[in-house]
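Take a look at the structure below.
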Protein chains: 2
Amino acid sequence: MIESTPVRTGRPGPCVSTPPPHPRPDGQDRYTISEVSAWTGLTAHTLRWYERIGLMPHVDRSHTGQRRFTNRDLDWLAFVGKLRLTGMPVADMVRYAELVREGEHTFEARQELLKATRRDVRARIAELQDTLAVLDHKIDFYAGARRAPERTT
Amino acid sequence: MIESTPVRTGRPGPCVSTPPPHPRPDGQDRYTISEVSAWTGLTAHTLRWYERIGLMPHVDRSHTGQRRFTNRDLDWLAFVGKLRLTGMPVADMVRYAELVREGEHTFEARQELLKATRRDVRARIAELQDTLAVLDHKIDFYAGARRAPERTT
DNA sequence: TAGGACCTTGGAGTGCACTCCAGGCAAGCC
DNA sequence: GGCTTGCCTGGAGTGCACTCCAAGGTCCTA
């Protein structure tokens, strides 16, 4: 799990209120794959797979060809983790990553994609709250049935 | 929130307050698999598969061996659909179905299972709301960047 | 009583998101 | 130099939740 702190910022401020704390400051941020694996909770396999399918925005390499991830990569992975939580298919995340690679002229397309995702997330939350009502109801039923078993049919 | 019927019955009555409207009243409820497929949105394949893995509480058969689903089956499938929305693995739903088959002495176990599910759902909603905040923030960023592109770095 | 739509079964196939493997390179330590 | 640990690659394997297939039986309408 990436997120340990579910800090809810009720109103999004102009700048990030809780930036993800990086293990090392910018300048000394050259993480090996296993460090990133530990930080993100993703396996090294998955990180390599993400790169292969185009979900990472170009990862640096050491002089011997080993991956060296930066703080920007960690930020990206944290964001990808959020998108993953929404249930977005990996293919769509790759699409977003492509837009990022293509440069600033894709801002509008990116915003549209995120807006669509936001709609999906809102719908999903509504669904879950609906389900929550059903669960509450059933749990109440079992509570009542256990208090007064003779009334149960 | 998009709650259509968040009707919370503080005390669980013997019957649901807003019962899912069945296509036919009790007594004439002998649906073929394709009728159930149309009503639930699940394919006939999936319905048969549900039965095979033990997720259905014994489906009736016609004298020639064809499935005849009842209103109770529709209710069960609607509930299973809710559980599915929560992301609960099918194996866990099968576990719940087993408890139901075992009779009333499993009320406590069933309630525990549902309470655990409720915890999961609440956590999931919190995660999604967290993600929503991130999405809002990014969308705002793109909106700002598009209004004032010269400020974008 | 013929035709077509619908139903049955066991088992095989699909798509997604990983997950692992084999074989090999490289760096650090005694 | 030998050993261990970590990393590399392409490709194969896994688990889940369906999804489909082939071969055949059933139901309904004309």
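If you're wondering where the values come from, they're calculated on a predicted model, not measured in any experiment. Throughout, a chain's letter reflects where its sequence line sits, starting with A, and its residues are numbered from 1.
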**Fill in**
Expected list for residues 27-35 of chain B near DNA chain C, using heavy atoms below 4.0 Å, is T32(B), I33(B), S34(B)
**pair F69(A)-E35(A): side-chain heavy atoms closer than 4.5 Å** = no
**Request:** Output the single nucleotide from dT8(C), dT9(D), dA17(D) whose closest atom is nearest the side chain of P89(B).
**Result:** dA17(D)
**Item:** Contact letters for nucleotides 19-27 of chain D, in which S counts primed atoms plus P, OP1 and OP2 and B counts the base, heavy atoms under 4.0 Å
**Value:** -B-----SS
**Request:** For M93(B) and dA17(D), give me the distance from atom CE to atom P, rounded to whole Å.
**Result:** 7 Å
**Asked** Can E51(A) and R48(A) be counted as an ion pair, charged N to O under 4.0 angstrom?
**Response** no
**Request:** Starting at atom CG of D92(B), determine the distance to atom P of dC16(D), rounded to an integer number of angstrom.
**Result:** 11 Å
**Other residues, nucleotides, ligands: >12 heavy atoms within 6.0 Å of R72(A) CZ** = no
**Asked** How close do T43(A) and S37(A) get, heavy atom to heavy atom, and via which atoms?
**Response** CA-OG, 3.8 Å
**Message:** Would you call the rings of Y96(B) and Y142(A) parallel, tilted or perpendicular, taking 30° and 60° as the class edges?
**Reply:** perpendicular
**Request:** May I ask you to evaluate whether R84(B) reaches the phosphate of dC18(D), defined as a side-chain N or O under 4.0 Å from OP1 or OP2?
**Result:** yes
**Pairwise side-chain contact, V80(B) with L55(B), heavy-atom cut-off 4.5 Å (strictly under)** = yes
**Prompt:** Between V134(B), L132(B), L128(B), L135(B), which is the residue that forms a side chain to side chain contact (heavy atoms under 4.5 Å, CB included) with K82(A)?
**Reply:** V134(B)
**Of L42(B) and E51(A), the one whose closest DNA chain D nucleotide lies more 5'** = E51(A)
**Prompt:** Got a donor-acceptor contact below 3.5 angstrom from the T117(B) side chain to the L113(B) backbone?
**Reply:** yes
**Request:** Report yes if at least one side-chain N or O of Y50(B) is closer than 4.0 Å to OP1 or OP2 of dC18(D); otherwise report no.
**Result:** yes
